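Only this structure's heavy atoms are used, side chains among them; waters, hydrogens and symmetry mates stay out. We count ligands from 1, going down the list as the structure has it; atoms in each ligand are counted the same way. Position 1 is the first residue of the sequence, and the numbers go up from there. Bear in mind that the values here come from a model prediction, so they are computed numbers and not experimental data.
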Amino acid sequence: MKYHSTRGKAPVLNFDEVVLTGLARDGGLYVPEDYPKFTPEKWRQLRGKSYQDVAFEVMMPFIGDSIKPDILRTLINDAYANFRHQAIAPVKQLDTNHFLLELFHGPTLAFKDYALQFLGKLFDHLLGERGERLTILGATSGDTGSAAIEACRDKGSIDIFMLHPYNRTSEIQRKQMTTVRAANVHNIALRASFDDCQAIVKALLGDLSFRDKYKLSAVNSINWARILAQVVYYVYAALSLGAPDRLVSFAVPTGNFGNVFAAYVAKQMGLPIGRLAVGTNKNDILTRFFESGEMRTEPVSPSLSPSMDIQVSSNFERLLFDAYDRDAARVTEAMLGFGDVGSFKVPPDTLAKLRELFRGGRIEDDSITQIIRETYQRTQEIIDPHTAVACAPHLLQGLPQDSVHISLACAHPAKFPDAIHTAIGISPPLPQFLSHLFEQPEQFTVLENDPTAVKDFIEKELEVNFASNPPSADNCYSSK
Ligand SMILES: *Cc1c(COP(=O)(O)O)cnc(C)c1O
């Protein structure tokens with residue numbers, strides 16, 4: 001399978017090269033040249049198979065000759081070996097026609113593990129094969145950071161630099177990143193928003209001499225391998241609820257548009273998906289887009305669901321590429337305009353086409369609290385504030401009645417104890433294996449919102465590592 005950049009000016013690459021490259025050199029995102037299609041018969045054959053077997057079948061056509069089948073199997077098995085539920089991604093019934101897809105059974109308790117555990121193994125394999133090193137750069141609104149650090153810690157071929165917005169993640173999210181003590185892990189708290197963090201990651205990846213010198217790559221969902229790994233749980237859940245012989249619809253709490261874009265890929269592969277509800281919190285740029293066709297940024301404000309406090313949804317560019325019939329020049333024009341003036345608009349026919357599949361919905365903080373409370377009273381399930389967005393009644397009412405409704409449960413409630421306590425007076429405990437978090441010292445460096453400051457920090461840290469000095473007191477930083 002060949003991959004093209006959404007901006008049309010970067011080299012066409014194979015899967016393995018796309019994984020190592022992350023963001024395309026022209027600033028675009030890589031997409032497969034076409035989507036493999038499965039017949040209903042093929043879907044039926046996958047029913048009842050293990051998560052790992054489904055993952056293998058779904059991923060294989062996208063990977064082609066880049067990885068030998070037996071190696072791919074091993075990578076998949078290793079990636080999901082330390083998940084704490086036999087089914088990996090179990091489906092739970094909440095109401096007659098409402099199901100929860102639980103995606104918090106990985107090591108850091110959010111759905112990010114489903115892709116990043118796999119990506120970590122993939123990096124290790126591809127770099128080992130080539131005898132190369134990589135410097136991973138990431139931005140996180142909370143959950144990507146811990147999942148990526150967990151996936152890359154102690155891997156000799158990788159240094160990882162993770163930017164999070166200072167004081168904007170939950171305490172547990174922060175501790176999951178900053179208590180990891182590994183010489184190759186570098187946490188940066190930026191005095192800025194998540195969007196600023198992501199903009200710096202893109203700026204440094206766009207600085208081609210810096211990028212080449214330190215072999216920079218990305219773990220954000222701009223990396224195609226993450227999207228691919230996420231397609232698997234949509235397929236797995238749909239099959240377990242009767243697809244392809246029943247229509248399914250998903251409600252997805254959305255920030256960077258990576259998760260819901262994976263559902264779109266599943267649909268392109270022939271999975272019968274009726275509709276995708278894109279749930280946003282008060283940072284509602286996507287909801288406004290699907291209403292008006294205009295993407296317009298507004299300042300981000302902190303909410304009860306911090307992992308969705310985003311205004312620039314990177315993966316939307318992949319959808320736009322298809323919506324514009326893969327016209328890279330049109331996509332480039334829209335994205336450059338968006339960068340310059342903070343907005344672009346699609347024509348009515350494009351919006352109409354997108355609205356055949358997608359609908360947006362905004363859920364304010366007080367509704368989130370109410371949904372957590374009502375769900376608990378009705379079902380005894382404790383859902384986290386992001387899952388609550390996906391369970392909002394008005395979002396579900398927008399899904400076709402003749403389809404099975406599935407809400408994505410993207411994080412474990414124990415990651416957001418304050419919001420849960422406000423709603424139902426209970427603080428869900430962390431699972432035993434994470435109870436050490438509160439005893440460990442934290443390590444992170446606070447930097448100003450300035451690409452040069454981040455660049456200087458990376459260079460300084462890497463000089464230390466490239467000289468293979470173990471970190472000493474001088475180059476260990478801690479919170480102020
Ligand atoms: C990352 C995250 C989201 C947003 O997912 P995107 O792929 O960025 O749209 C929503 N909820 C939780 C819990 C997350 O960690």
Side-chain angles (χ1 to χ4, degrees), residues 29 100-116 119 138-150 162 164-165 168-170 172-174 176-177 194-195 197-198 201 218-231 233-234 250-265 276-281 283-287 289-290 300 303-319 358 360-361 363 368 372 383-392 395 407-416 419-420:
L29 279 72
L100 266 191
L101 170 56
E102 290 187 352
L103 299 173
F104 49 72
H105 296 288
T108 70
L109 310 182
F111 81 88
K112 306 296 198 296
D113 288 324
Y114 289 73
L116 282 161
L119 185 58
T140 182
S141 54
D143 294 323
T144 292
S146 52
I149 287 170
E150 189 60 39
M162 187 54 63
H164 70 266
R168 296 270 186 103
T169 68
S170 86
I172 289 171
Q173 286 179 318
R174 189 190 70 239
Q176 282 183 300
M177 297 187 273
F194 167 78
D195 290 313
C197 294
Q198 182 160 258
V201 167
V219 283
N220 282 94
S221 49
I222 50 185
N223 193 309
W224 170 256
R226 277 192 57 186
I227 305 293
L228 179 56
Q230 290 175 189
V231 175
Y233 50 70
Y234 287 101
F250 293 94
V252 186
T254 299
N256 222 353
F257 210 76
N259 201 359
V260 74
F261 186 78
Y264 166 84
V265 174
L276 297 172
V278 177
T280 61
N281 60 31
N283 299 296
D284 62 350
I285 183 168
L286 289 165
T287 296
F289 173 82
F290 285 114
V300 182
S303 78
L304 285 180
S305 48
S307 304
M308 300 159 63
D309 292 346
I310 293 178
Q311 287 284 295
V312 181
S313 303
S314 290
N315 278 285
F316 190 83
E317 182 167 341
R318 289 188 160 114
L319 183 64
F358 294 96
I363 293 87
I368 290 180
I372 295 172
I383 57 172
D384 98 286
H386 305 78
T387 306
V389 167
C391 290
L395 205 61
S407 295
L408 269 62
C410 285
H412 192 288
K415 287 190 107 164
F416 307 94
I420 307 292

Mind running side chain to side chain donor-acceptor pair (under 3.5 Å) on Q173 and S307 for me, showing each step along the way? CA-CA 10 Å; Q173 286 179 318; S307 304; 3.2 Å; yes
Could you check whether any heavy atom of P253 sits closer than 4.0 Å to an atom of ligand 1, since that is the contact criterion I want to use? yes
Is it the case that ligand 1 has an N or O less than 3.5 angstrom from some N or O of K112? yes
Ranked by distance from atom 15 (O) of ligand 1, the top protein heavy atom is D143 OD2, 2.4 Å
How far is atom 11 (N) of ligand 1 from its nearest protein heavy atom, and which residue and atom is that? H386 CD2, 3.4 Å
Considering only heavy atoms, does F111 approach ligand 1 within less than 4.0 Å through its side chain, its backbone, both, or neither? side chain
Purely on distance, is any nitrogen or oxygen of A411 under 3.5 Å from one on ligand 1? no
So the atoms of ligand 1 within less than 4.0 Å of a heavy atom of M308 turn out to be 10 (C)
Rounded to the nearest 0.5 Å, how far apart are OG1 of T280 and CG of D309? 10.5 Å
Parallel, tilted or perpendicular for H386 and F416, by the 30°/60° rule? tilted
Interatomic spacing from CG in L304 to OG in S170 - rounded to 0.5 Å: 11.5 Å
Tell me, which protein residue and heavy-atom name are nearest atom 4 (C) of ligand 1, and how many Å apart are they? G255 N, 3.5 Å
Measure the distance from atom 7 (O) of ligand 1 to every protein heavy atom, then report the residue, atom name and distance (to 0.1 Å) of the closest one. N259 N, 2.9 Å
Hey, which atoms in ligand 1 end up nearer than 4.0 Å to a heavy atom of G258? 6 (P), 7 (O), 9 (O)
Could you say whether the N/O atoms of N256 and ligand 1 ever approach to under 3.5 Å? yes
Point-to-point distance, once rounded to the nearest 0.5 Å, from SG of C391 to CG of L100: 5.0 Å
Can you confirm whether the side chains of Y114 and N259 place a donor and an acceptor under 3.5 Å from each other? no
Which of the numbered atoms in ligand 1 are under 4.0 angstrom from any heavy atom belonging to T254? 9 (O)
Could you tell me whether the side chains of S221 and Q230 share a donor-acceptor contact shorter than 3.5 Å? no
For ligand 1, which atoms, with element, lie under 4.0 Å from some heavy atom of C410? 11 (N), 12 (C), 13 (C)
State which residue, out of N256, N283, V300, T169, fulfils the side chain to side chain contact (heavy atoms under 4.5 Å, CB included) condition with F194. N256
Taking atom types as modelled and ignoring hydrogens, do the side chains of R318 and N315 form a donor-acceptor contact shorter than 3.5 angstrom? yes
